[in-house]
Amino acid sequence: AGYMDIWQLLILATICAIGGDQLNYYMGKTAGKALFNREDSFFFRKTHLDKAKEFYDKHGSKTIVLARFVPVVRTFAPAVAGVADMSYSKFVTYNICGGFLWVWGMTLAGYGLGSLVPNIGEYIHIVVLIVIFSSIIPIIFEYYKHKRKTSK
């Protein structure tokens, strides 16, 4: 709409996205140590931490990048990476890549869509539904893939 400078927005949003996940990783890393000393309870099991560590050892890099594009998962992935003791240098590298891809991809896609479709504001509810649905497609796909694998 021309209210903001797109370049300033891209730079500031990228810094915030990367910084937010850095803080989230740090909180997971520092709080994670205390979790290993807790007794098992209804909400917490040490085996879940062990499974998370195995998962991040195997899939951590792509998880940090792809989690950006999945609502809810994006909130927890950096903290779980910290708790699972993912290598900090690996986390930083993929956090920066994921931050750039997510911010620049989503912002420029929205900017382009807004430039191409006149009166997009009238159809924003449809756009939001499409974005939400496309965000959960990978989760659905992985769920069915896992279900098929475990049923064999």
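Since this is a predicted model, take the numbers as computed values, not measurements. The first residue of the sequence shown is numbered 1, and numbering continues consecutively from there.
With rounding to the nearest 0.5 angstrom, the OG1 atom of T14 is 8.5 Å from the CG atom of L9. Atom CZ of F91 is separated from atom CD1 of I96 by 9.5 Å, given to the nearest 0.5 angstrom. Once rounded to the nearest 0.5 Å, the distance linking NZ of K62 with SG of C97 reads 15.5 Å. Taking CG of L113 as the start and CG of L108 as the end, the distance is 12.5 Å to the nearest 0.5 Å. In this structure, the separation between CD1 on I6 and CH2 on W104 is 9.0 Å, given to the nearest 0.5 Å. For the atom pair CD1 of I130 and NE2 of H125, the computed distance is 10.0 Å after rounding to the nearest 0.5 Å.
Considering only heavy atoms from C-beta on, Y56 stays 4.5 Å or farther from V83 through its side chain.
At a threshold of 4.5 Å between side-chain heavy atoms, the hydrophobic network of Ile, Leu, Val, Met, Phe, Trp and Tyr places I120 and M4 in two separate groups. Both Y144 and I136 are assigned to one and the same hydrophobic cluster, defined by single-linkage of ILVMFWY side chains at heavy-atom distances under 4.5 Å. No continuous path of hydrophobic side-chain contacts links W102 to V128 [ILVMFWY only; heavy atoms under 4.5 Å].
Between Y88 and Y25, the angle of the ring planes lies from 30° to 60°, which puts this pair in the tilted group.
Formation of a donor-acceptor pair under 3.5 Å by the Y94 side chain with backbone atoms of T63 is not found in this model. Judged by distance alone, with hydrogens and angles left aside, the side-chain atoms of N24 form a donor-acceptor pair with the main-chain N or O of T75 at under 3.5 Å.
Between I18 and N95 the shortest heavy-atom distance is O-ND2, 3.1 Å.
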